[in-house]
Peer 1: 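First the structure, which I've put down as structure tokens, then a few questions once you've had a look.
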Amino acid sequence: MTQTVHAKKRFGQNFLQDEAILEQIADAAQLTKDDAVLEIGPGTGALTMRLAARAGSVVAVEIDESLRDVLVPALSSAQAANVTVLFGDILKTDLGALRKKYNNGKHFKVVANLPYYISTPVIMKLLRDEVPPASCTVMLQKEMAERMSASPGGKEYGALSVAVQYYASPGLICEVPPEAFRPRPKVTSRVIRLLPLDVPPVTVKNEEFFFRVVEASFAHRRKTLVNSLGADPVLRLSKEQIADALRKIPAATKSEDRDGRTDFLPVDIRAERLTIGQFALLSDFLYN
Ligand code: SAM
């Protein structure tokens, strides 16, 4: 059926054809009949059918109205009686209203083969929601998934890793080659599962300031953190202020200290070496 659909590039339409991978994504979402799923971008309904079979209900939000003629008949069987399709842009959708109308105000589990052009804003919208999803099992561009789940020290680790891990615990699932889609995307994909945290892993004095410090620290990756953060035109911090703050941040957690001696961060450190806890301390020292 999907062969007859003319895929629209502007909506990031790459329809997943591989039955085994569709099953794997639906399994990875760990659904039960007590769960209500929010699917973003059902496309032609291949994943939707599998979600309907596992969950209590599915609400699927699709931007492309022209898919109505494919999607509605595809989901007309008794097996998909628990699916509601809504046409609209997920970035403009009031998630609170959706929860209220379709799940008594309770959280959804999100499952999606996300359109890559909006995957970061969609994920940040979900994670920053007043009632975040119980889980987000989503297919992303491989590099994006790896950046979201990266640990300090590697080249994938950046502002996106810190932002995502402030809200959720990430777990990488399977890799998906371009051949699994029609049309084939240019890139390899990866499924990731994000489990939103009840509370952030660190407490900061001012969240907005914290995220700005993180963004600015990674803005010029080849520079030291002092130079990168010191160049931010909004924060307008002096290099001396930043260096002073770094000198006060323990280089390792207490359990890693040897001989009871505490080492502090060197002033020529680069942003990719700081843990989320060290960024929290940096932002709090500078906020004063
Ligand atoms: N779920 C289908 C699959 O796995 O084959 C389609 C996945 S395709 C990568 C992404 C889908 O998201 C497309 O159906 C596209 O039209 C839809 N989409 C793109 N932008 C969207 C938006 N802002 N809100 C809701 N759906 C969107």
Side-chain angles (χ1 to χ4, degrees), residues 1-29 31 37-55 58-75 80 83-99 102 108-129 133 136-145 173-193:
M1 180 173 314
T2 51
Q3 260 81 345
T4 60
V5 176
H6 179 71
K8 296 189 185 68
K9 228 176 169 176
R10 72 176 187 283
F11 290 142
Q13 290 178 352
N14 299 98
F15 300 112
L16 188 53
Q17 309 281 295
D18 189 308
E19 303 273 330
I21 293 167
L22 284 161
E23 287 289 320
Q24 209 175 341
I25 297 173
D27 286 346
L31 303 172
V37 169
L38 168 61
E39 187 192 5
I40 298 159
T44 55
L47 181 58
T48 321
M49 287 301 293
R50 287 165 172 88
L51 303 176
R54 289 163 171 82
V58 179
V59 181
V61 179
E62 172 57 59
I63 200 169
D64 186 0
E65 284 262 5
S66 76
L67 287 174
R68 189 186 291 274
D69 294 345
V70 179
L71 195 49
V72 173
L75 299 173
V83 178
T84 306
V85 177
L86 304 172
F87 287 94
D89 181 344
I90 194 65
L91 289 174
K92 294 184 185 148
T93 300
D94 179 344
L95 297 176
L98 220 58
R99 275 194 305 276
Y102 296 102
F108 288 111
K109 282 187 174 174
V110 169
V111 189
N113 172 9
L114 282 178
Y116 298 150
Y117 75 109
I118 48 160
S119 51
T120 303
V122 169
I123 285 180
M124 293 320 292
K125 174 174 173 156
L126 294 167
L127 296 181
R128 288 183 167 145
D129 192 18
C136 301
T137 308
V138 292
M139 174 121 66
L140 304 172
Q141 188 173 333
K142 178 175 180 266
E143 287 72 21
M144 185 74 76
I173 304 180
C174 57
E175 213 170 283
V176 184
E179 303 78 65
F181 301 85
R182 294 285 177 283
R184 290 182 188 191
K186 289 199 178 77
V187 295
T188 299
S189 305
R190 182 118 208 204
V191 180
I192 187 172
R193 197 153 76 99

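Counting starts at 1 for both ligands and their atoms, in listed order.
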Peer 1: Answer yes or no: does an N/O atom from Ile63 fall short of 3.5 Å to an N/O atom of ligand 1?
Peer 2: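 Yes; at least one N/O pair falls below 3.5 Å.
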Peer 1: So, does Phe181 sit close enough to ligand 1 that a heavy atom of it is under 4.0 Å from the ligand?
Peer 2: no
Peer 1: Could you find the nearest protein heavy atom to atom 14 (O) of ligand 1 and give me its residue, atom name and distance?
Peer 2: Glu62 OE1, 2.7 Å
Peer 1: Enumerate the residue pairs fulfilling salt bridge (charged side-chain N to carboxylate O under 4.0 Å, His left out) with a member in residues 43-53, sequence neighbours excluded, ordered by first and then second residue.
Peer 2: Glu19-Arg50, Glu23-Arg50
Peer 1: Can you spot which of Asp64, Ile63, Leu67 makes a side chain to side chain contact (heavy atoms under 4.5 Å, CB included) with Lys8?
Peer 2: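 The residue from Asp64, Ile63, Leu67 that satisfies side chain to side chain contact (heavy atoms under 4.5 Å, CB included) with Lys8 turns out to be Asp64.
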Peer 1: Asp64 to ligand 1: N or O pair under 3.5 Å?
Peer 2: no
Peer 1: Heavy-atom contact check, 4.0 Å cutoff: does Lys8 meet ligand 1?
Peer 2: no
Peer 1: Which atoms of ligand 1 sit under 4.0 Å from any heavy atom of Asp89?
Peer 2: 22 (C), 23 (N), 24 (N)
Peer 1: Please round to the nearest 0.5 Å and tell me the distance separating atom CD1 of Ile90 and atom CD1 of Ile118.
Peer 2: 8.0 Å
Peer 1: Flag Leu22 as yes when one of its N or O atoms lies below 3.5 Å from any N or O atom of ligand 1, and as no otherwise.
Peer 2: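 For ligand 1, there is no N or O atom that lies under 3.5 Å from one belonging to Leu22.
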Peer 1: With sequence neighbours left out, which residue pairs that include part of residues 83-99 fulfil the side chain to side chain donor-acceptor pair (under 3.5 Å) condition?
Peer 2: Arg99-Asp129
Peer 1: Give the atom numbers and elements of ligand 1 that come within less than 4.0 Å of a heavy atom of Asn14.
Peer 2: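 Result: 7 (C), 8 (S), 9 (C).
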Peer 1: May I ask whether Gly45 places a heavy atom under 4.0 Å from ligand 1?
Peer 2: no
Peer 1: Taking N or O atoms only and a 3.5 Å limit, does Ile40 qualify as a polar contact for ligand 1?
Peer 2: no
Peer 1: Could you tell me, atom by atom, which parts of ligand 1 come under 4.0 Å of a heavy atom of Pro42?
Peer 2: 1 (N), 2 (C)
Peer 1: Does an N or O from Leu47, backbone or side chain, lie closer than 3.5 Å to an N or O of ligand 1?
Peer 2: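 No, since none of the N or O atoms of Leu47 sits under 3.5 Å from an N or O of ligand 1.
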Peer 1: Ala46: heavy atom below 4.0 Å from ligand 1, yes or no?
Peer 2: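 Judged by the 4.0 Å heavy-atom criterion, Ala46 does not count as contacting ligand 1.
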Peer 1: Suppose I only count heavy atoms of Glu39 and a 4.0 Å limit; which atoms of ligand 1 are within that range?
Peer 2: 1 (N)
